[in-house]
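The next block holds one structure in the form of structure tokens; read it before the comments.
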Amino acid sequence: MKIFKDKISLQKEILNKPISFIPTMGGLHKGHISLIKRSKKFKKKTLVSIFVNPRQFNKKSDYRSYPRNKLKDVSILKNLNVNYLYIPSIKDIYGFKPKHKIYLDKFSKKLCGKFRKGHFEGVINVMNRLIQIIKPKTIFMGKKDYQQLFLIKKFISRHKINSKIIECNTVRQANGVAFSSRNSLLKPNDIKIASRIYYFINKIKKKFDVYNFNFLKTEMIKLGASKVDYIENYNIKKNFIKSKKYNKNCKIFIAYYIKNVRLIDNI
Ligand code: AMP
């Protein structure tokens, strides 16, 4: 695996090579690994980036405490036979003017957009720059971050960028909890809370229209959540229309805290 810390040497290496790209913020886990394994099935070179993007954090303390484990990440990626790893500095990413303007679909105002001001601007900003640097043929992204995935697809289609997004299923622990880098900030008992919340949402989802937000929020708090940002049902097949009734085209989107750790999922 070749490791690059600056875009000039990376671009020299990958020029004219078809690239499959997996953007990450590191703290690698089985969710990331599933994306990489999927990419390895394609005949292109697999490039993983690790960049904890300061602009998508709306709290400095959250950016500072975000899990980082470079040595472990590098060893995981080497074992997976990843071709290229790009670990840019902040200047490497933000020290140039990108070709495309940030485009945010109106859906960016909903869900996490409502609770994390500037978050999606930060996400699209960094993806715009990474795509311009790497020019990937395919990009592998997880449905765990469905709103992000949706907004990046809208950005790519708006600017007619020649990169195809491959949507990958959410990988979960046996107890239902979605793998997430932030899980490493949780204690075993906190993971049990997350698991109970996962089963609770599964249990109520078919009768979602019967409950109101305050009831669901109170139940989640009883299960151990410290705070609930949202529990909302969207029809993801119908261009993200909020829906009262749950059906097979719907996902329940949740964001909540266990202590000061914010978790999101869609079930
Ligand atoms: P992150 O490092 O959290 O920015 O995530 C990098 C990529 O991995 C994103 O496309 C995520 O959606 C994806 N991802 C994160 N967690 C999971 C998971 N549990 N299952 C599948 N993909 C995931």
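All values below were derived from every heavy atom in this structure, side-chain atoms included, with hydrogens, water molecules and symmetry-related copies excluded. Numbering of ligands and ligand atoms starts at 1, following listing order.
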Next on the checklist: Any atom of ligand 1 sitting under 4.0 Å from a heavy atom of His29?
Outcome noted: yes
Checklist entry - Once the angle between the rings of Phe115 and Tyr230 is folded into 0 to 90°, is it parallel (under 30°), tilted (30 to 60°) or perpendicular (over 60°)? => result tilted
Next on the checklist: Minimum distance, heavy atoms only, to atom 5 (O) of ligand 1: which one of His32, Glu167, Met25 is it?
Outcome noted: His32
Next on the checklist: In this structure, does ligand 1 have an atom that sits under 4.0 Å from one of the heavy atoms of Tyr146?
Outcome noted: no
Checklist entry - Which of these, Asp145, Val126, Val123, has its nearest heavy atom closest to atom 14 (N) of ligand 1? => result Asp145
Next on the checklist: As an exercise, identify every atom of ligand 1 less than 4.0 angstrom from a heavy atom of Pro23.
Outcome noted: 6 (C), 7 (C)
Next on the checklist: Exactly one of Arg182, Lys259, Arg196 should register a salt bridge (charged side-chain N to carboxylate O under 4.0 Å, His left out) with Asp190. Which one does?
Outcome noted: Lys259
Checklist entry - Where's the contact between Leu35 and ligand 1, heavy-atom distance under 4.0 Å: side chain, backbone, both or neither? => result side chain
Checklist entry - In terms of residue, atom name and distance, what is the protein heavy atom nearest to atom 3 (O) of ligand 1? => result Tyr66 OH, 3.8 Å
Next on the checklist: Test of understanding: given a 4.0 Å heavy-atom threshold, classify the contact between Lys30 and ligand 1 as side chain, backbone, both, or neither.
Outcome noted: neither
Item to check | Row check, Tyr103 ring normal vs Arg158 NZ/CZ: under 6.0 Å, within 45° | outcome: yes
Checklist entry - Does Ser34, backbone or side chain, put an N or O under 3.5 Å from an N or O of ligand 1? => result no
Checklist entry - Would you say the ring centroid of Phe150 lies under 6.0 angstrom from that of Tyr234? => result no
Checklist entry - Any idea how Phe215 and Tyr211 line up, ring-wise: parallel (<30°), tilted (30 to 60°), or perpendicular (>60°)? => result parallel
Checklist outcome for this item: Given the options Met127, Lys153, Met141, Gln148 meets side-chain contact (heavy atoms from CB on, under 4.5 Å) only with Met141
